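A short write-up of the structure that comes next.
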Amino acid sequence: MIDPEILKALGISSPEELFEDIPAEARISSLKLPEPMDERDFIRHFKKIVSKNITVSETPSFLGGGVYRHYIPAAVREILARSEFYTSYTPYQPEASQGMLQAMFEYQSYMSILTGMDIVNSSMYDWSTALGEAALMCHRIRRGSRFLIARSTSPVRKRVLEMYLRGIDASVEEIPFDPETSRLSVDSLEDKLKGEVFGFYLENPNLFGVMDENVFEVSDLLGEVPLVIGADPLSLAIMKPPSEYGADIVIGEGHHLGTDPNFGGPLLGIFGCRKEHLRKMPGRIIGATTDATGKRAFCMTLQTREQHIRRDKATSNICTNESLMALAACAYLAALGGTGFRGVALENLEKAKDLSGRISEIDGFRSPRFDAPHFNEFAVGCDIPVDRLRKRLLEGGIQIGPSLSKDFPEVGEAVVIAVSELHTEDELNKLISSLEGTA
Amino acid sequence: MIDPEILKALGISSPEELFEDIPAEARISSLKLPEPMDERDFIRHFKKIVSKNITVSETPSFLGGGVYRHYIPAAVREILARSEFYTSYTPYQPEASQGMLQAMFEYQSYMSILTGMDIVNSSMYDWSTALGEAALMCHRIRRGSRFLIARSTSPVRKRVLEMYLRGIDASVEEIPFDPETSRLSVDSLEDKLKGEVFGFYLENPNLFGVMDENVFEVSDLLGEVPLVIGADPLSLAIMKPPSEYGADIVIGEGHHLGTDPNFGGPLLGIFGCRKEHLRKMPGRIIGATTDATGKRAFCMTLQTREQHIRRDKATSNICTNESLMALAACAYLAALGGTGFRGVALENLEKAKDLSGRISEIDGFRSPRFDAPHFNEFAVGCDIPVDRLRKRLLEGGIQIGPSLSKDFPEVGEAVVIAVSELHTEDELNKLISSLEGTA
Amino acid sequence: MNYHQASYDEPLLFEIGSSDDDFDVSLLRDIPKQIRREALPLPDIPEREVFKHFVRLSQMNFSVDSGFYPLGSCTMKYNPKLAEQVARYSKVTDLHPEQDPSTVQGALQIMNELEGYLAEIGGVDAVTLQPAAGAQGEFTGLQIVRAYHSDRGGDRNEVIVPDTAHGTNPASAAMAGYDLIEIPSKSGHVDCDALEAIVGNDTAALMLTNPNTLGIFERDVIGIADIVHRAGALLYYDGANLNAIMGRSTPGSMNFDIVHFNLHKTFATPHGGGGPGAGPVGVKQFLEPYLPVPRIVRKGDRFDLDYERPKSIGTVRAYVGNFAVLVRAYCYIRMMGAEGLRDASLHAVANANYLRAKLEKLFELPFGGRRMHEFVLSGRSLKERGLRTFDFAKRLLDHGFHSPTVYFPHIVDEAMMIEPTETESSDTLDRFVAAFEAILHEDPEIVQTAPHNTSVGRVDEVKAARNLIFNFGSLKALEK
Amino acid sequence: MNYHQASYDEPLLFEIGSSDDDFDVSLLRDIPKQIRREALPLPDIPEREVFKHFVRLSQMNFSVDSGFYPLGSCTMKYNPKLAEQVARYSKVTDLHPEQDPSTVQGALQIMNELEGYLAEIGGVDAVTLQPAAGAQGEFTGLQIVRAYHSDRGGDRNEVIVPDTAHGTNPASAAMAGYDLIEIPSKSGHVDCDALEAIVGNDTAALMLTNPNTLGIFERDVIGIADIVHRAGALLYYDGANLNAIMGRSTPGSMNFDIVHFNLHKTFATPHGGGGPGAGPVGVKQFLEPYLPVPRIVRKGDRFDLDYERPKSIGTVRAYVGNFAVLVRAYCYIRMMGAEGLRDASLHAVANANYLRAKLEKLFELPFGGRRMHEFVLSGRSLKERGLRTFDFAKRLLDHGFHSPTVYFPHIVDEAMMIEPTETESSDTLDRFVAAFEAILHEDPEIVQTAPHNTSVGRVDEVKAARNLIFNFGSLKALEK
Ligand SMILES: Cc1ncc(COP(=O)(O)O)c(C=O)c1O
Ligand SMILES: Cc1ncc(COP(=O)(O)O)c(C=O)c1O
C-alpha cells in the first residue's frame, strides 16, 4: 500500500491518519464504481462500446456548420503526439517552456495574417464562446444594452452568445438577410443601429456558406460601434482578411486545422482584435522579448488582463484554454504551407460548387438555395421535409444536417450541405443517386 | 527545380552537368513507375490493398513457431514512436547518442538476466540468422565439419542454418527426439558426438512447445563442444536460464516483446554467450564507461570484431541490425516489470494447458501429441490430414499452422497450436466447436 | 547536477520557409472580386523542416513526461498512455457533433456512464459534461445558481469567495454578473464568524474548494454549509482539489450543492500545454432541471440527446463537451476503479506530507501542521540573502524541476505552492528536497541570475509588456 | 551557437525499480521442477517512471528528426511520417508470416509491386525482398554467385573488392566462404589495369558501388564490367550509393548482374537507431532461378508464395523479409513517383557539390573535382594545430550537427565522409559550413576536449574496452 518509509517520515502509524481532518459526517466508506480493468480488458470493453458509433469517415457525411473533417497530414499527427507538448501546462516559467511559447507565438502570427488582426490570442474554448467573449469585450469597449447579430448566424453559437450576455443583461437582436442571397440586409442594420448598440456580429461566409460582399458597407454605418466578424480560417486563405472591411474583432473556429471532429470537442476558438482594443481582450497572449543574454525569447504577457492577476476585474475567466489545438493549427499551417492551404480552400470551394450544381439538376431540390457565391457549404431547398429526407439518407448510410426550417422558417425546408477535399467521387455520387431516389 | 543559388555556387548552368560523368550507355531517360500520389490518395490506395488482408487480430489465429502476438502496453507503443530513437542510426558518436546507447545497455542487461549469459549483443536480424551466426561462432571456437541439432528444431530456422554453413562447408546433422515426449534422445546425441563436431543446438521449449529437462544431461556429454540453446525469452520468465544447464551461447526471438508480428519482419534475434567466447561473438556490443568528467557513459565496444574495422576477418558481416526491436523489448520489459512479465508467461502456460485439455476431449484429436509439460504451444495429433483441417477451419475464419507431417513424417498428421494472453474465451470456444465440427 | 534542457537556436517558421508570391489569382475567379484575397504570405516549408522544428521545440518544453512538475493547484499527475491510444481510435475522433443520435450510441454511452461515475465520486445526483474547463464549469455553476434563485423569485446579486480563492472564482462570478465579496481567512481557514456576518439575502452562493488552496482541509465545512444554506444561498465546490479526497469524502457529503470537476487535474487527462481540459458540473437533485442542454438521456438500451428542458440554463458552449478529453477520463476511471482512486488520494496526500515534512525544515510553513495534497511555503526568509521566491523558482529549473506555483495564494508572502501528486516516487521527492537544500547553499549570485540550464536564460517579461510584439510581422519590424 | 543537447542524470531502469522477491513459486507447479526458474530479478517500475525514462533518453539521442546528420555512406535522409502512419495500420502489423496466402493477399500485392518498382529502379529483372539489411543482401548476392558458378560446373573461390569498399563487402564475401582480393584504387577510381591483372578463372565476382565510396562516379564502369564478364565472373552492385543516380542510370544499365538495395538509405525508411533496415536483392534474368524462396508470384489477380524453385539458394532469413520496412519503402516510392525519385538524386548530388565547393576551401579534397552524392575530405591539415579529424568531429557535435563518417574510407588520411542528402535545405548546409569555419578559428584546446554541449562529455572508449561491462550486474559490481 504505502511506503512504510513515508509513514515513518510523517510520524504516523496508519495512512488513515492523513485524512483525520475530514469530519465523520462527510466521510464515505467506498465508491460504487465498476471493477478496475487492465489495459487489455479495457481496450476490449471500450472497442465494444465505440463500435456502435458510425463515423463520418466510414460513411459519407455532409455535416458542417463549424465542425469539419479535413485531411490531416501524418506529420501533424506525429507532432501532436509529442508528449512534451501535450503533458505540459500553461507556461508559467517561460525559460523552461520556450517550445510551447514559440509555437503559440507562431500560431498567433499565422492567425494575424489570416484575420488581419494585430493580435490574436492563444485560444478560446471554441467559436461559440469566442462569440460570447467578443460580445462582452464589445461591452467593455462601448457600454450599451443591445448586441446586434446577422440573422445568418449559426443558432448553435447564438445560444451560447445569449448565455454569455446574461451577466450584463444585454439583449441580442437579429438583422435579417436578403431572402434571395442570404446576404446581410444593410438597410435593416441601419434601422436597428439607433439606441444603445454596443456591437454587431456577422459571420462571413455565413451559416449558409455564402460569401457576403455587403460587409464592405457595414463599417461606415457602424461608426464607433465595434464590428465582430466570425470566419472559418480556411475561407481566409482565399477571402479578404476581415480587417480590410473594418472588423474590430475577428473570431472563428480552428479545430479543423489539424484535428479531427471528435464529436465536437475539443475545438479551437480563434480570437483576434485591433491593437487599440488590446487591453480589453480576453485570453492568453504570448509576446516576444529577449533573455538575459539578449537571445530571442517568448513569454506570456499582458497578464494583468487575466483572472489569476485581475480576479473579478479580469477580461475573462478563462484559464485552461485550447493551446494544444492552437499547436495543431500551427503545425497544420506549417505542413501545408501557404500554397497547400490555399489549395485546400480552393478545392473545397470548387467541390461545393460542383456538387451544388449536380443537386440543382435533381427534381425536388433547389441548389444552392441562395443565389450567391458559396465557399465550402451551401443550403439546398427541398420539396419534402428535411427530417424525412435525413432519415431516408441515413438508412443508406448518408448523414446530412437538420432542417433549417426550425430556426429559419422563412427559408422553408432546406439543409446545409458541407463538402471537403476528403469527399470521394464515390461519396458524392452516392449522395446524388440517393437524392434522386428520394425526389 | 533546383535553387539557382546552388547552380551558381557550383558554377554550372544546368543541373544535368552534375551527372555528366555517367556514360551515355549507362543512362536511362526515365523510370516507369506509377504516377506520384499525395498523402490522401496514397492512404486511400493503400487501405484498399491492405483491406484484402485478414489479420490475426480480426480472426482467431493459433499460429506460432517463433512469431507471436502478445499484448503491447500503450506506453511501449508511444516510446517506439519517439522519432529521436527511430530516426537515429548506429551510435558512432557516443556523446550525442547516449539515449539509444543506454537503452541498448539496458536491453543487454535484461537479456543477460533472462538467458544467464555474461554478454548479450544488441541484436541480430532474427532467431534464424542468430542460429546461423551461432553455428559460425561455434566453428570459430572449435573447428570441425559437423554441426549437430536436435531434430525438434524449427525447419524454418534449420533452412537458414544450412545457408549460413554453406560458406564453411559444414554439414548439419539431426539428433532424433523421443517419440513419446519429443524430448532430446540423449543416447543418440552421445552416438553422434564422435568425429569433428563443432557444436550442438537445441531449442527449449522445442518446436512442439515441450520444456525439455533432458538438457541437463547434455552439457557433460558435450565436453568441449559448444552448446547452443534457442529459447523464447518469454519462457525464460519461468524456466531456468540456459546458463544453468551449460549453454555456451543462447539465442532466440524477441520481436514479440513489444512489437507486432508484422508478417514476420522486422524480428529481433537475441544472441548471448559466456564471457570466454566474447571475442568470437558477432554483432554490436554496448559497454559502460565514463566521460571525461567521470560521469557514467556508454559506447560501442569491442568493435575490432566487427566488419567496419576487421573487414573479411570480422566475426560477422552484420552492420544494420534490429536495434529498434531491442529498444522495444527493453521498453516492454520495463513496462511489464518482472511481475508482469512472469504473469504473462504463466498465463500463456496455463492457457495452453487448458486448451490442450479441451482439445483432447474431442474425438479424432490427440492433445498434446507429446506427453510432456508444454509452455505456450503444443502439438495436436489429428485423424484427418491437417491440410484438410486447416482449410476447413479457415473457412470459419480460424487460422492454424501447416501440417508437421511434411517435415516430421514420424510424427504423422499433427499441427502446433499456439495461444497467448490475447486469446479470448470466445476465440478458444470457437476453435473447440470448429474442431468438434470437423471430427 | 548534470541537467541541461535541450537548447536550439530555432528560427520561427516564417524564417524557415518562404512564401510563394507568384500565385495565379485567376484560380480565385469563383470568389466575388471585392472579397477575394490578394496575397497570402504564409510560408511553404518542406515537411523535413517542419518536423525538425517541432521536435526541437518540444524538447525545449518542460513537461510531466520529462520531469517533476509540482505546480500547486494544477495536479500535474502522469497521464496514462492507454488513454491517449484509445482517444485516437477513429471511432472516437471521426464523429461529428450533429450526427443523428442513432449513429453515436457508443459516444453517448461513454458519456452517460462517465456522468454516473462523476456523480458517484462527487456525491451529487446529476452531471453535465458540457463545460470546456474548470473556469467554464464555474460559469455554468453560477448560471445554475442564478436560474435557481430567479426560479424561486428571489434574485440575489452577491457571490462570496475566500481570499485564497483561485482567480477564476471571482472572474467567473463577475462574468456571470455577480458582485464579488471576498472574505479574509483566519489561520488558513474560512473565518466562520466573518462568513456569518456577511451572508444574507443578497448572497447567491459561496464558492469554496476543500481542501483549500493552502492544502488545509476545512474541518468545519458542514458548519459553513449550514451558514450558507440557512441564508438561502447555495454552496459551490471548486473541484480543483478533489484529488485529495477521492473515495474518502465527496463534495456532496460535505453538503455542497454544485461542484465542478477538472478532468485534466483529478482524472489524469493531459494538460495540453495549457488546454484542452474539461470541467463537468455536478449538482444535487433539486438543481438538476437547470443543467445545460442537451442532456444525455438513457431510454432502455438507447441513448439520446434531450433539448426539451424548460428550466435549463441553455448551453455554455457548442455541442456536448470536450469529448476527446472525456474519453480519456473515462479510461482513467475504468482502469482505476474505486480502490485505485482511493489509493490515488492516499498517495497524493502522503506524498505532499512527506515533502511538507522535509521542506518545512528549510522554509516557513505558514499555519503549520499537516496538509492534504498540497502545501504552501513562504519564501520570505530568502530575503535575508537578497533573494526572492522568484529567484528560487528559477533556480529549481536549473536542477531539472519545474517550479511550484509561486505568489499564490496571495495571503502567503512569497508563496510557493507545491503539489507533488500521487504519481511521483519517493525517489523523485527526495531529489527535489536535495535540490532545495543545494540551492540554499549556492552562491546567491547564481540563484539571482538563474536559470542557466534552460533553453534560454532569464526572460525579460517587462520588455515583453513594453514592446507588445505578438506576431512575426511586428517582431521582424522591431528586429530590423 | 546556443546549442545544448538535453542532459539528464538518468539512472538505469534497474536503479529505478526494484524487483519483487517474494514470488509464490507454487504458481510454477506446471513446470518440471528441474527446469523451473527460481528467481527473476527484473525490476517492477511504474509506468510514469518508465515513460519519463525513455522520453529523457530519447532527448539525449541525436537523430535526423532533431538535426543534420551528414553521415557519409548512410544516406540519412528525412523519413516521411506518412510511411510511419500507414505502417502502424493493424492490417499491416497483425499478420503472421505463416498465414495462408489467401489471407494475406494485400501484403503479397504490396511486395509484388515493390519488387517491380525496385527492378525498374535497379535496371534488373527480378528482385527478392527477403534480406534483412544491406549486408545480408550482399551475403544473398554472393550465395547466388556461388550457385550460379556451381551450376555451370566451375566453382570459383575469389571475390574482388576495391580498397575503398565498405567493411560489409569483404565480411560478406568471407562469410559466404570466399577468399578476398582487395585491389588498390588509382586516383580515387578502380584501377582497370590492376583489375585486368587480377581477374581470372578463380574470380567469382567483383563487388563495387558506383558512385564509389569517395562519391566519384566510375566513368569506366562499362569497361570494368567487360573485364569482369570476359573472365566469366559476375559484377555485384552495392546499392548503398544508389541515391546518387536514381532515375538517371541504373546498376543494370551499367551492366551489373546483381544489386542490393538499402531501403533504409535510398528509400527513406528510418534507420531505427541501428536497424531494422531491408536489403532486397535484384538480379538479371539469368540469375533469377537462384533467388531465395519463397518467391512471391502472381497468378492473374491472386498472389502466392512459391517454394518450389529447384535452383534457389534457399532462405537467408525466416519468412519473406522485413515487411514493415518494405511497406514504408512502398509508400515512399508511390509518393515520389518517377519524377520525384529523379528529383531526389538531383538534389542529393547538388547538395553534396554545394557543400563540397564550400568545404574544399577549408579542407583538402583528395582527388579533387566534382562529386556525386557525397565526398570525402582529409582532415590532415588539422595536425598542424595539434588536432585530428576525431577532435573536429566531436566539436561539430557541440555546434548541433552530427559528425560525418570519419576514418573511412581508409585510403584517405583522416577522412571525413560527408553525405548531406536531398532533404536538407541550403540554409542548413550554410550553417554547417559556418560551423566548420568557426571551429577552425576556435581555441584548439576547446576542440581537443570537445564535445561540451552534448549530454555527456568525451567518452572514454578505451576504458570501455578494458572494463568489459556489458550489463547492469557487472556495472553494479564495478561501481561498488
Ligand atoms: C483552484 C482552481 N480553481 C479553478 C481552476 C480553473 O480551472 P481551469 O483551468 O480548468 O479553467 C484552477 C486551475 O488552475 C484551479 O487551480
Ligand atoms: C557502402 C555500404 N555498403 C553496405 C552497407 C551495409 O548495409 P547494411 O548496414 O544495411 O547492412 C553499408 C551500410 O552502412 C554501406 O554504407
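Since this is a predicted model, take the numbers as computed values, not measurements. Numbered from 1 within each chain, the chains take letters A, B, ... in sequence-line order.
For the set His308(A), Glu162(A), Lys295(A), the entry with the most heavy-atom pairs within less than 4.5 Å of chain C is Lys295(A). Ranking Asp460(C), Val50(C), Asn262(C) against chain A, the residue ahead of the rest is Asp460(C), based on heavy-atom pairs under 4.5 Å. Counting heavy-atom pairs closer than 4.5 Å to chain C, the top-ranked of the candidates Gly340(A), Ala288(A), Pro266(A) is Pro266(A). Counting heavy-atom pairs closer than 4.5 Å to chain C, the top residue among Ser112(A), Pro94(A), Ala297(A) is Pro94(A). Highest contact tally toward chain C, considering only Gln108(A), Gln98(A), Arg27(A), is held by Gln98(A) [criterion: heavy-atom pairs under 4.5 Å]. By number of non-hydrogen pairs under 4.5 angstrom with chain C, the leading residue of Phe216(A), Tyr92(A), Trp127(A) is Phe216(A). Per-residue heavy-atom pair counts under 4.5 Å with chain A were compared for Ala107(C), Ala173(C), Ser426(C), Ala278(C), and the maximum is reached by Ala107(C). Among Glu35(A), Glu350(A), Glu25(A), the residue with the largest count of heavy-atom pairs under 4.5 Å with chain C is Glu25(A). Between chain A and the options His96(C), Lys394(C), Gln99(C), Glu38(C), heavy-atom pairs under 4.5 Å are most frequent for His96(C). Taking chain A as the reference chain and counting heavy-atom pairs below 4.5 Å, the highest number among Ile469(C), Asn351(C), Thr250(C) is found for Ile469(C). In terms of heavy-atom pairs under 4.5 Å with chain A, the best-connected choice from Met335(C), Met246(C), His264(C) is Met335(C). Highest contact tally toward chain A, considering only Leu28(C), Leu180(C), Ile31(C), is held by Ile31(C) [criterion: heavy-atom pairs under 4.5 Å].
Proximity to chain A is limited to the side chain of Ile222(C), based on heavy atoms less than 4.5 angstrom apart. Heavy atoms of His402(C) lying under 4.5 Å from chain A belong exclusively to its side chain. With a 4.5 angstrom heavy-atom cutoff, Lys47(A) touches chain C only via side-chain atoms. Heavy atoms of Thr405(C) lying under 4.5 Å from chain A are absent altogether. Of the two parts of Glu98(C), the backbone and the side chain both hold a non-hydrogen atom closer than 4.5 Å to a non-hydrogen atom of chain A. With a 4.5 angstrom heavy-atom cutoff, Arg342(C) touches chain A only via side-chain atoms. For a residue to count as touching a neighbouring chain, one of its non-hydrogen atoms must lie under 4.5 Å from one of that chain's; by this rule Ile216(C) does not touch chain A. Residue contact with chain A, scored on non-hydrogen atoms closer than 4.5 Å, involves the side chain of Gln5(C) exclusively. The part of Tyr89(C) that comes within reach of chain A is its side chain, from C-beta onward, which places non-hydrogen atoms under 4.5 angstrom from that chain. The contact between Gln34(C) and chain A is made by backbone and side chain atoms together, counting heavy-atom distances below 4.5 Å. In this structure, no portion of Glu138(C) lies under 4.5 Å from any heavy atom of chain A. Ile313(C) touches chain A through backbone and side chain together, each having a heavy atom under 4.5 Å away.
Between Asp21(A) and Arg370(C) there is no salt bridge, since none of the side-chain N atoms of the basic residue sits less than 4.0 Å from a carboxylate O of the acidic one.
Residues Pro23(A) and Phe217(C) come closest through the heavy atom pair CD-CE2, 3.5 Å. Taking all atoms of both residues into account, the shortest heavy-atom contact from Met372(C) to Leu18(A) is SD-O, 3.8 Å.
Remark: Asn61(C) pairs with Ser88(A) by the side chain to side chain donor-acceptor pair (under 3.5 Å) rule, at least two apart or across chains. Remark: Gln85(C) engages no residue in a side chain to side chain donor-acceptor pair (under 3.5 Å) (not counting sequence neighbours).
Between the side chains of Asp65(C) and Tyr86(A), not a single donor N or O lies within less than 3.5 Å of an accepting N or O. For the residue pair Ser109(A) and Glu106(A), no side-chain donor N or O sits within less than 3.5 Å of a side-chain acceptor on the partner. No side-chain donor from either of Glu322(A) and Ser123(A) sits under 3.5 Å from a side-chain acceptor of the other.
Classification of the Phe323(C)-Phe263(A) ring pair by plane angle, with boundaries at 30° and 60°, yields perpendicular.
The aromatic ring centroids of Phe62(C) and Tyr69(C) lie less than 6.0 Å from each other. No close placement of the Phe470(C) and Phe105(A) rings is indicated, their centers lying 6.0 Å or farther apart. In this structure, Tyr164(A) has its ring center closer than 6.0 angstrom to the ring center of Phe139(C).
Annotation: cation-pi pair Arg248(C)/Phe19(A) present, NZ/CZ under 6.0 Å from the ring centroid and within 45° of its normal.
Put simply, the side chain of Ser19(C) never gets that close to the backbone of Pro41(C): no donor and acceptor are under 3.5 Å apart.
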